[in-house]
Amino acid sequence: MSNDIIDIEPDERAESLKTVGWISYILHLVVAVAAVLPGAQPSAGLLVIALVIDLVKKSDAQGTWQASHFSWRIRTVIWAGVLYLVTAPLWLAFLVPGWIAWGLISIWFLYRIVRGMVSMNKGQAVDV
């Protein structure tokens, strides 16, 4: 009987992590698509919610192929945030360079989220 429980628990854990991963990726995707489309800005709160989910659940994924996805999303958000902050003065000094810089960062962010989703859909770790 205990063998049945042991066999089921890893599958349930994997499915739970996959569900959490998809929720996080979808939240990231909504923000990423909205960042690329002018005038469609959802609240940064969605991104914060996704980041908190990833930070809280990352330890649960340790030792699985899904751990790379948690790290991937966390690094993506942190790098995008840093890049947005570094290029923010361009908006103040020059409108067009700021718009171009933020557009490129947003496209990069969208690319990373889609790339992660494709890997997760295949059941594979993200190649770093």
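Cluster annotation: Ile105 and Phe94 are assigned to distinct hydrophobic clusters (Ile/Leu/Val/Met/Phe/Trp/Tyr, side-chain heavy-atom contacts under 4.5 Å, transitive). One hydrophobic cluster holds both Leu95 and Ile100 under the rule that ILVMFWY side chains link at heavy-atom gaps under 4.5 Å. Residues Leu83 and Leu92 fall into different hydrophobic clusters, defined by Ile, Leu, Val, Met, Phe, Trp and Tyr side chains chained together at heavy-atom separations under 4.5 Å. Tracing side-chain contacts under 4.5 Å through hydrophobic residues (I, L, V, M, F, W, Y), one reaches Val96 starting from Leu104; they form part of the same cluster. Under the 4.5 Å side-chain heavy-atom criterion for ILVMFWY residues, a single connected hydrophobic cluster contains both Val118 and Ile107.
Note that OG of Ser119 and CH2 of Trp72 are 7.5 Å apart. Values are rounded to the nearest 0.5 Å. The distance from the CG atom of Asp54 to the CD1 atom of Ile74 is 5.0 Å, given to the nearest 0.5 Å. Considering CG of Asn121 and CE of Met117, their distance stands at 8.5 Å, rounded to 0.5 Å. Taking OH of Tyr84 as the reference point, atom CG of Leu90 lies at 13.5 Å (rounded to 0.5 Å). For the atom pair CD1 of Ile53 and OG of Ser24, the computed distance is 6.0 Å after rounding to the nearest 0.5 Å. Annotation: the span from Gln62 atom CD to Ser71 atom OG amounts to 9.5 Å, rounded to 0.5 Å.
Between the side chain of Arg75 and the main chain of Phe70, no donor-acceptor pair closer than 3.5 Å is present. Looking only at distances, no side-chain donor or acceptor of Ser16 sits under 3.5 Å from a matching main-chain atom of Glu12.
Side chains of Trp79 and Trp108 form a contact here, defined as non-hydrogen atoms less than 4.5 Å apart. Residues Leu27 and Leu47 are not in side-chain contact: their nearest non-hydrogen atoms beyond the backbone lie 4.5 Å or more apart. No side-chain heavy atom of His28 sits less than 4.5 Å from a side-chain heavy atom of Val31. Under the 4.5 Å side-chain criterion, counting only non-hydrogen atoms from C-beta, Leu110 is in contact with Leu29.
Val52 forms part of a hydrophobic cluster together with Val48, Val56, judged by ILVMFWY side-chain heavy-atom separations under 4.5 Å.
A search for side chain to side chain donor-acceptor pair (under 3.5 Å) contacts involving Tyr111 returns nothing, not counting sequence neighbours. Here His69 pairs with Tyr25, Trp65 under the ring-ring contact (aromatic ring centres under 6.0 Å, His included) rule; sequence neighbours left out. Every residue two or more places apart in sequence or in another chain that forms a side-chain contact (heavy atoms from CB on, under 4.5 Å) with Val86 is listed here: Val82. Judged as a salt bridge (charged side-chain N to carboxylate O under 4.0 Å, His left out), and not counting sequence neighbours, Lys18 has no contacts. Thr76 meets the side chain to side chain donor-acceptor pair (under 3.5 Å) test with Arg112; sequence neighbours excluded.
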Legend entry - Check against side chain to side chain contact (heavy atoms under 4.5 Å, CB included), Arg73 and Leu51: CA-CA 8 Å; Arg73 289 188 303 266; Leu51 181 61; over 6 Å; no

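For Gln66 against Leu17, the heavy-atom pair with the smallest separation is OE1-CB, 2.6 Å.
Residue Trp22 places its CH2 atom among more than 12 non-hydrogen atoms of other residues, nucleotides or ligands, all under 6.0 Å distant.
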